[in-house]
Amino acid sequence: MQKREHWGSKMGFILAASGSAVGLGNIWKYPHMAGENGGAAFTIVYLICILVVGLPLVIGEFVIGRKTQLSPVGAFESIAPKSNWKWVGMLGVASAFVILAFYGVVGGWTLRYAFLSLVGGFSELAGNPELAGEQFNTFISNSINPIFWQIIFMGFTMIVIVQGVKGGIEKWTKVMMPAIFIILVLLMIRGLTLPNGTKALEFLFQPKFEDLTASSIVLALGHAFFTLSLGMGTMITYGSYLRNDQNLLSSALWIIFLDTLIAMMAGVAIFATVFAMGADPGAGPGLIFVVLPTIFPNIAGGALWGTLFFFLLFMAALTSAISILEVITAYFIDQKKWSREKATFLFGTVVTIVGIFCSMSMGAFNDFNNIFNISFFDFLDYLSSKYMLPIGGMLTAIFILYKWGISNFIADMVLGMENPKINHTIIRILFAVSASVVGFIILNEVIANLTGTPIIG
Ligand code: PHE
């Protein structure tokens, strides 16, 4: 049997796992969700969800991975042999296909926009959101251009993954994570020193609870899963490359802290710029690809800031995309005994092809839209963030509570901790609460779809 790969250092693991967490979710999704849902009020609910639901599940996934030294399918099978629990692992592998397909498309957009800004392509968009919107729509619905960038993005993802855990994932995230952080600090300073820039702080951190609706609570919870890469075994897979000397509680806290910090910093950098230029903070998903390109040309050195911003977004997307492809690759290595090369390139290519349909669903390939009333792209996003990840997360919590057992779980969790004082009841309550909250939200979504009226929202 092949020897299992391991991380080279504790720090390397923390950076790789935070690289998975920090991605388009933090820099693209969070700011526009906050912008549309009352700013600070949304931020507070989001933080509560991260702590209550996110923290136990991050630790839960790490422990399952480290204990079994296997990726999700093998991990569930090894703790619960000859049971149906391995299907939770399979669901994770399926989610990886679904998410990476559309994630790679947006990853391609980030590269194209970085390039466009570099060659001065934003200058004609200055202060003209209509034109920027039109150009964005023309770009994403084109049958060749976005696919070209998507293939480059997926190519980078495969190149990192084929180099393995220590020589690929760890090596690259150790460079990219600090780079992301430094660029964000620069962008934040740039934004806050623009006139009116500090309004962003008020917008993001001074809550007006009347703006908070039930549906934004649901949204915040779903986003907590997506942003922490939970519910599909990413953290099980990364945990499976750990040795027993890592303190998983402090690692999980670090990852959650960094993920949240970067989302907040991105929010400040983006909204400071938006407020300084009098643009609309509630512009929705187009906030980054439509509004920002109209603003950068009006700032001194705008082409450079624009390039830096989209390059940062590209790196954040890449460190997440690799963690998604690793779930698929590790499954074929662990369960099917494939070589890393074969698994990476074969399935990297398959996902890229599904992604091409996703990209084309915004243009030429719109049969899907006509039949199901939603584009293939939006469908994959919806399916994964509203169902697959929450269901995977809820089942993982139930698995720990009822199949593995809290005492067995804690016996493994405390390995690597200096003087663990763990209260079993508290851990049990945390998992029970996160499973129930998530279960309720899934039910709410199902009922909303069946009857048209959700229980809350
Ligand atoms: N956490 C990533 C982000 O916020 C997305 C992701 C989801 C990555 C699921 C891995 C698994 O963009």
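Just follow the structure's listing: the first ligand is 1, and inside any ligand the first atom is 1.
In the vicinity of T227, heavy-atom distances shorter than 4.0 Å reach the ligand 1 atoms 1 (N), 4 (O). Of all the atoms in ligand 1, the ones that sit under 4.0 Å from a non-hydrogen atom of L24 are 12 (O). Remark: ligand 1 atoms within the under-4.0 Å shell around heavy atoms of M232 are 9 (C), 11 (C). Below 4.0 Å from some heavy atom of S323 lie the following atoms of ligand 1, by number and element: 10 (C). For ligand 1, the atoms lying closer than 4.0 Å to a non-hydrogen atom of T234 are 10 (C), 11 (C). With ligand atoms numbered from 1 in the order given, ligand 1 contributes 2 (C) to contacts under 4.0 Å with heavy atoms of S320.
At under 3.5 Å, a nitrogen or oxygen of G25, whether backbone or side chain, sits near a nitrogen or oxygen of ligand 1. For ligand 1, the polar-atom distance check finds an N/O of A21 within less than 3.5 Å of one of the ligand's N/O atoms. Considering backbone and side-chain N/O of L230, none are found under 3.5 Å from N/O of ligand 1.
Looking only at protein heavy atoms, the nearest one to atom 9 (C) of ligand 1 is S229 CA, 3.6 Å. Counting only heavy atoms of the protein, atom 7 (C) of ligand 1 lies nearest to F226 O, 3.5 Å. Scanning the protein for heavy atoms near atom 2 (C) of ligand 1, the closest one is S20 O, 3.3 Å. Regarding atom 12 (O) of ligand 1, its nearest protein heavy-atom neighbour is Y103 OH, 2.6 Å.
Here F409 and W404 bring their ring centres to under 6.0 angstrom of each other. Between F13 and Y241, a ring centre-to-centre spacing not shorter than 6.0 Å is recorded. A centroid separation of 6.0 Å or more is found between the aromatic rings of F156 and F153. If you look at F203 and F271, their ring centroids are closer than 6.0 Å. Ring centers of F347 and F97: under 6.0 Å apart, within the cut-off.
Exactly one residue among F309, F296, Y113 makes a ring pair (Phe, Tyr, Trp, His ring centres under 6.0 Å) with F289. That residue is Y113.
Residues forming a side-chain contact (heavy atoms from CB on, under 4.5 Å) with N142 (at least two apart in sequence, or on another chain): I144, N145, P146.
Smallest separation of non-hydrogen atoms from L221 and V437: CD1-CG1, 3.9 Å.
Using a 30° and 60° split on the angle between ring planes, F377 and W109 fall in the parallel class, below 30°.
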